[in-house]
A.B. asks: 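Dropping the structure in here first, questions after.
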Amino acid sequence: MGSRWGDTVILAAMPEGHTIHRLAQDLVATLGSAPGAATVQATSPQGRFADGASLLDGDRLISAEAFGKYLFCHFGGALLHVHLGLIGKFRPNPPDVPGGDTVRLRLENDRIAWHLTGPARCELVTPDEASAIVAGLGADPLRPRTRPTSLHRLLARTAKPIGATLLDQQVVAGIGNVYRAEILFLRGIHPERPSSSLSADEIDGIWSEAKRLLRRGVRLNRIVTTSPAEIGRPLARIDGDDRLYVYHRTNCRRCGSELGTLEIGGRPIQFCPSCQPA
DNA sequence: CCATCATGGATAT
DNA sequence: TATCCCTGATGGC
């Protein structure tokens with residue numbers, strides 16, 4: 001269930017790039033400081049980020065930004081880096097909800113309390129350390145004015161399957177296991193195709209599809225890749241089994257064919273043998 | 001109650 | 001390639 005914040009229901013979103021970009025927006029909107037606005041109280045109910053939290057306590061959140069799945073929160077006097085990993089969550093609560101013993105970091109003002117649980121990373125970093133993290137990432141389709149130039153170059157250079165390179169954050173940042181499967185489905189590309197065999201048009205297609213789907217993910221705060229026309233319902237009302245074409249399904253949502261499953265890039269991917277011929 | 005699994009990634013071998 | 005790390009929903013007993 002989502003928690004309610006104003007008119008917006010904020011769902012417990014799943015951590016691919018859209019989740020992190022949406023978090024950056026929501027954190028600034030709810031905790032961010034207009035000049036003279038209230039400061040943030042920071043604690044670590046779990047205790048594992050006690051030093052960092054005490055350093056942030058009483059500071060102001062100036063801005064927050066996402067690069068792929070990496071989140072950076074710029075406070076007045078410190079820079080917080082958060083990576084949710086597979087199971088991490090950063091959830092909004094009413095301010096009277098206390099943090100439980102799994103809450104690594106609690107950021108609170110008079111209106112809201114954000115609870116960070118299960119992060120792969122929660123640390124204070126220097127600007128140089130943050131730059132080094134960002135420098136190691138491929139192009140992020142959710143970043144403004146970003147072009148797929150490096151994507152073309154990196155794919156041309158490797159015969160590794162496209163299903164593997166799309167998961168590699170050094171090649172393209174923000175795509176995870178769900179979007180990988182859905183993007184390749186929508187572009188009709190078999191996941192085992194060697195990256196270097198893709199045409200320029202196919203790479204541009206992957207890029208624009210990623211941009212479209214991830215942007216939609218930010219807007220909805222969840223992953224929906226099916227089209228309203230195909231499902232026969234408005235986007236906001238597409239849910240459950242109808243949200244995806246192939247990921248974690250046994251049959252193709254479009255043509256009904258039995259899906260294949262392969263382990264590529266160390267993780268399982270479903271594909272439609274009919275819609276994505278080899 | 002317990003085991004399993006998940007939309008991720010760093011680190012060891 | 002294998003192992004480990006975090007949490008919590010789920011399903012089997």
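Below, chain A is the first sequence line, B the second, and so on; all start at residue 1. What you are looking at is a predicted structure, and each value in this text was computed from that prediction instead of being measured.
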A.B. asks: Distance check needed: B/dT7 C1' versus A/Y247 OH, whole Å only.
C.D. replies: 5 Å
A.B. asks: Whole-Å distance between B/dA10 C1' and A/L137 CG?
C.D. replies: 14 Å
A.B. asks: Do the ring planes of A/H81 and A/Y70 sit parallel (below 30°), tilted (30 to 60°) or perpendicular (above 60°)?
C.D. replies: parallel
A.B. asks: With respect to the phosphate group of B/dA10, does any side-chain polar atom (N or O) of A/Y70 fall under 4.0 Å of OP1 or OP2?
C.D. replies: yes
A.B. asks: Between C/dC6 and B/dA12, how far is it from one P atom to the other, in whole Å?
C.D. replies: 15 Å
A.B. asks: A/C255 and A/C275: which non-hydrogen atoms are nearest, and at how many Å?
C.D. replies: SG-SG, 3.9 Å
A.B. asks: Which whole-number value in Å describes the distance from A/Q169 CD to B/dG8 C1'?
C.D. replies: 8 Å
A.B. asks: Paired with C/dT10: which nucleotide, if any, by Watson-Crick or G-U wobble criteria at under 3.5 Å for both distances?
C.D. replies: B/dA3
A.B. asks: Can you tell me how far C1' of B/dT7 sits from CD1 of A/I183, to the nearest Å?
C.D. replies: 13 Å
A.B. asks: Take atom CD1 of A/I223 and atom P of B/dA6, then tell me their distance rounded to the nearest Å.
C.D. replies: 15 Å
A.B. asks: One thing to verify: whether A/R253 and A/D241 come together as a salt bridge, which I'm taking to mean a side-chain N less than 4.0 angstrom from a carboxylate O.
C.D. replies: no
A.B. asks: As a test of understanding, state which of A/E108, A/R91, A/R106 forms a side-chain hydrogen bond (donor to acceptor under 3.5 Å, both in side chains) with A/H115.
C.D. replies: A/R106
A.B. asks: Do any side-chain nitrogens or oxygens of A/H83 fall under 4.0 Å of OP1 or OP2 in B/dG8?
C.D. replies: no
A.B. asks: Just wondering, more than 12 heavy atoms not from A/E258 lying within 6.0 Å of its CD?
C.D. replies: no
A.B. asks: When you look at A/R22 and A/D26, which way does the salt bridge (charged side-chain N to carboxylate O under 4.0 Å, His left out) test go after all the steps?
C.D. replies: CA-CA 6 Å; A/R22 175 60 183 259; A/D26 290 344; 3.0 Å; yes
A.B. asks: Once you apply a heavy-atom cut-off of 4.0 Å, does A/R267 come out as touching a base, just sugar-phosphate, or nothing?
C.D. replies: base
A.B. asks: If you measure from the C1' atom in C/dT1 to the same atom in B/dT7, how many Å do you get, rounded?
C.D. replies: 22 Å
A.B. asks: A/R180 CZ to B/dT7 C1': how many Å, rounded?
C.D. replies: 11 Å
A.B. asks: side-chain hydrogen bond (donor to acceptor under 3.5 Å, both in side chains) with A/Y245: which of A/E230, A/Q270, A/E182?
C.D. replies: A/E230
A.B. asks: Could you state the atom-to-atom distance from NZ of A/K69 to P of B/dG9 in whole Å?
C.D. replies: 4 Å
A.B. asks: What is the distance from CD1 of A/I133 to C1' of B/dG8, rounded to the nearest Å?
C.D. replies: 15 Å
A.B. asks: Take atom P in B/dG9 and the same atom in C/dA9, then report the distance between them in whole Å.
C.D. replies: 22 Å
A.B. asks: Can you give one letter per nucleotide of nucleotides 5-11 of chain C, going 5' to 3': B for a protein heavy atom under 4.0 Å from the base, S for sugar-phosphate only, - for none?
C.D. replies: -BBS---
